Amino acid sequence: MQDTYIFKEIPSQRPNTPLLDRVDLPAQLRELPADQLVQFARELRAFLLWSVGQTGGHFGAGLGVLELTVALHYVFNTPEDRLVWDVGHQAYPHKILTGRREQMGGIRRKNGLAGFPKRAESEYDTFGVGHSSTSISAALGMAVAARQQNTGRQSIAVIGDGAMTAGIAFEALNHAGHLHADMLVILNDNDMSISRNVGGLSNYFAKLLSSRTYNQVRDSSKKVLQGAPHLMALAKKTEEHFKGMIVPGTLFEELGFNYIGPIDGHDLSLLVETLENIRELEGPQFLHVVTTKGKGFAPAEADPIGYHAINKIEPVPPNKPEPVKSAPTRQKYANVFGQWLCDAAELDERVNGITPAMCEGSDLLAFSERFPERYFDVAIAEQHAVTLAAGMACDGAKPVVAIYSTFLQRAYDQLIHDVAIQNLDVLFAIDRAGLVGEDGPTHAGAFDISYLRCIPNMVLMTPSDENETRQLLHTGLLFEGPAAVRYPRGTGPGAEIQKELTPLEIGKGRKVREGSGIAILNFGTLLTPALDAAEKLGATVADMRFVKPLDEALVLELAEQHELLVTLEENAVAGGAGSAVTEFLNGQEISMPVLQLGLPDTFIDHGKHEELLTGCGLDAHGIFSAISARMERLQHQRLKAVK
């Protein structure tokens, strides 16, 4: 592309987009002459840059697939043809082209557009996307349904190259080849893995291998040679050798796909011509396109990781100097973990760090640089991460698996069978526990207390601040068996962090406020609003620290001294820490009211974290109101009993 195609900065004002303004839906896009598509893509890129600059959000991935998005909607009859996106943050251009351009100003905000494809939002979002590597399975299911219904619908899966590292993607590829399904898988290889073999020769052969003439000749030859097995074998070997010289698709061919590519994913005319050819082919097709993450925006091309997402760009008034930024006083929980892991590794050479492709998010960059031989990024392969840790623990290592709560769900079988049953010494540092704000329900860590506390041998810890996180991580590391520490996204309350690593007694909580009548049992980082509510209520507050083993002695003491117990957690109420308390009380045949406060039995939509907590009644006001209402009902019941 020419230099004029590259944007050096994000437009400060809404750009002039006359072609884009004529297109609200893909049907209108398909009315444009092909020779206008390049200009259309330029306008779309300008609008995308301006739009994300206004709102913040995912950035580089959408720029990288912009031409591919235009070509797909131009060639295929969406939404009748099913377009399934993988790694959903690629889908911003898709949203703009499918009737949601004017809603982009509210993306990732409460009651606004989701940051990922969402079936309830648009008929063009054929499959909800949060976790990666699901697109091929979903598109295959749609292809099977189309075959059964004889509709002739096309099914297209667009999968990012990082997502190809997950086992489910290859399971789906294997099954699709077995079924000989009519579907297209597009590998968006953003120049970070697989192949960089892009150029005139590979583009030429991509056209050839996707053409109807080539495939008709190939099919006809097979029919002719069926009666001559030796010639058939020779022809097959010749074809494989021919294709092997020009494309790296042997693996996909062996799985039953017709491999095409790699091709330049930013060459619109080539994309359109190739997709038009593929559209006429039968059976499973695999198109390999090479793109540049952040394409068309120079800073993002230079730093694709840094520009994966951006914050809203605030305008600076003219002639006003920018304020001097003071050093942040509060660390993110991920930073607390990253520093702790480095400190622990200095003290114990058996400590290893494992992550499923979340190096930056989990703050493992410093660890990876200081201890490269003890750092393992297994890519998007959560199941492998857990069993790798189990294998390391079998032979005396001290593995620490740094993993988001929502991603650990994908490795639940390995967590139970490979770690817990064998009582292996693996520590899980569970990031993004609780609600995660703008990323919405697919990324929320709403269930880890519920799904972990039912597993035998597991120790489950819920620190309330930054220092508690550091000390409980060390406690879990020293515990000989499976242990987990859950902590949220973002910053803590600003607690002073002790450099010294001091293990805490397993299964012991602490009282942090003495009161009467009401006892709030806090599990996790809602301690600050709990204390605020307790001040108004005159309540006792206990920081429980451990969900499993539960501090039973403290629960008994609080039950004896108070008339209402209140459990508080940023986890689903169903099966959560509050359930652990009520189960214990029932086992002790203690009958007393328990108010369980946590996340309701619904998926919480996206929005700012504070907004979501308020909506769930987990801010100070909500906690106070819920407890006050329960006390009023108890008082009413007592008066009624007296009468």
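Note that the structure is a prediction, hence the values are computed from the model and not measured.
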Could you check if a side-chain atom of [X] sits within less than 4.5 angstrom of a side-chain atom of [Y], using non-hydrogen atoms only?
X: T540; Y: S516; result: no
X: I455; Y: Y412; result: yes
X: Y375; Y: D377; result: yes
X: I604; Y: P600; result: yes
X: V401; Y: I430; result: no
X: I168; Y: S137; result: yes
X: F428; Y: V400; result: no
X: E346; Y: C342; result: no

Between [X] (side chain only) and [Y] (backbone N and O only), is there a donor and an acceptor less than 3.5 Å apart?
X: S368; Y: L365; value: yes
X: D605; Y: F603; value: no
X: D619; Y: L613; value: no
X: Q90; Y: W85; value: no
X: T387; Y: A390; value: no
X: K548; Y: R453; value: yes
X: R486; Y: T462; value: no
X: R470; Y: Q498; value: yes
X: R513; Y: A539; value: yes
X: D551; Y: G509; value: yes

Counterpart residues, salt bridge (charged side-chain N to carboxylate O under 4.0 Å, His left out), relative to E121 (two or more places apart):
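Expected list: K95, R100.
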Nearest atoms (heavy-atom pairs only) where [X] meets [Y]:
X: A429; Y: L473; answer: CB-CD2, 4.1 Å
X: M592; Y: A559; answer: SD-CB, 3.4 Å
X: V351; Y: L341; answer: CG1-CD1, 3.8 Å
X: Y333; Y: P493; answer: OH-CD, 3.6 Å
X: F584; Y: L550; answer: CB-CD2, 4.2 Å
X: E438; Y: H606; answer: O-CB, 3.3 Å

Report, one line per pair, each donor and acceptor closer than 3.5 Å where one atom sits in a side chain of residues 517-531; sequence neighbours left out.
{"unit_1": "N522", "atom_1": "OD1", "unit_2": "L527", "atom_2": "N", "d": "3.4"}
{"unit_1": "N522", "atom_1": "ND2", "unit_2": "G524", "atom_2": "O", "d": "2.8"}

Would one find more than 12 heavy atoms of other residues, nucleotides or ligands at under 6.0 Å from atom [atom1] of [X]?
X: E349; atom1: CD; result: no
X: K608; atom1: NZ; result: no
X: Q635; atom1: CD; result: yes
X: R370; atom1: CZ; result: yes

Spatial distance of atom [atom1] ([X]) from atom [atom2] ([Y]) [nearest 0.5 Å]:
X: S591; Y: N586; atom1: OG; atom2: CG; value: 8.0 Å
X: I136; Y: N174; atom1: CD1; atom2: CG; value: 11.5 Å
X: S625; Y: I623; atom1: OG; atom2: CD1; value: 10.0 Å
X: M392; Y: C394; atom1: CE; atom2: SG; value: 11.0 Å
X: M164; Y: D86; atom1: CE; atom2: CG; value: 9.5 Å
X: Q331; Y: T469; atom1: CD; atom2: OG1; value: 10.5 Å

Please collect all salt bridge (charged side-chain N to carboxylate O under 4.0 Å, His left out) contacts where either partner lies in residues 409-428, sequence neighbours excluded, each pair once.
E382-R410, K398-D425
Using 30° and 60° as the class limits, which term best fits the ring planes of F116 and H443: parallel, tilted or perpendicular?
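Ring orientation, 0 to 90° scale: parallel.
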Could you work out, with ring pair (Phe, Tyr, Trp, His ring centres under 6.0 Å) as the rule, every residue matching [X], not counting sequence neighbours?
X: Y404; answer: F407
X: F371; answer: F367
X: F170; answer: none

Paired with D543, the salt bridge (Lys or Arg N to Asp or Glu O under 4.0 Å) test is passed by just one of K508, K511, R510, namely R510
Under the side chain to side chain contact (heavy atoms under 4.5 Å, CB included) rule, what do L427 and F479 come out as? Steps first, then yes or no, please.
CA-CA 9 Å; L427 175 61; F479 175 74; over 6 Å; no
Could you walk me through whether V386 and I354 pass the side chain to side chain contact (heavy atoms under 4.5 Å, CB included) check?
CA-CA 9 Å; V386 173; I354 301 171; over 6 Å; no
S405 and its side chain to side chain donor-acceptor pair (under 3.5 Å) partner, picked from N571, D448, D431
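Among N571, D448, D431, the one meeting side chain to side chain donor-acceptor pair (under 3.5 Å) with S405 is D448.
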Dump the intermediate steps for side chain to side chain contact (heavy atoms under 4.5 Å, CB included) on R432 and Y487, then the final yes or no.
CA-CA 6 Å; R432 269 62 168 180; Y487 49 90; over 6 Å; no
Does one side chain, of Q339 or D343, offer a donor that lies under 3.5 Å from an acceptor on the other?
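Yes, side-chain donor-acceptor contact under 3.5 Å.
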Between H609 and E570, does the side-chain hydrogen bond (donor to acceptor under 3.5 Å, both in side chains) criterion hold? Intermediate values first, please.
CA-CA 11 Å; H609 185 239; E570 196 173 337; 2.9 Å; yes
Show the numbers, then the answer: is there a side chain to side chain contact (heavy atoms under 4.5 Å, CB included) between D532 and F624?
CA-CA 8 Å; D532 290 344; F624 171 80; over 6 Å; no
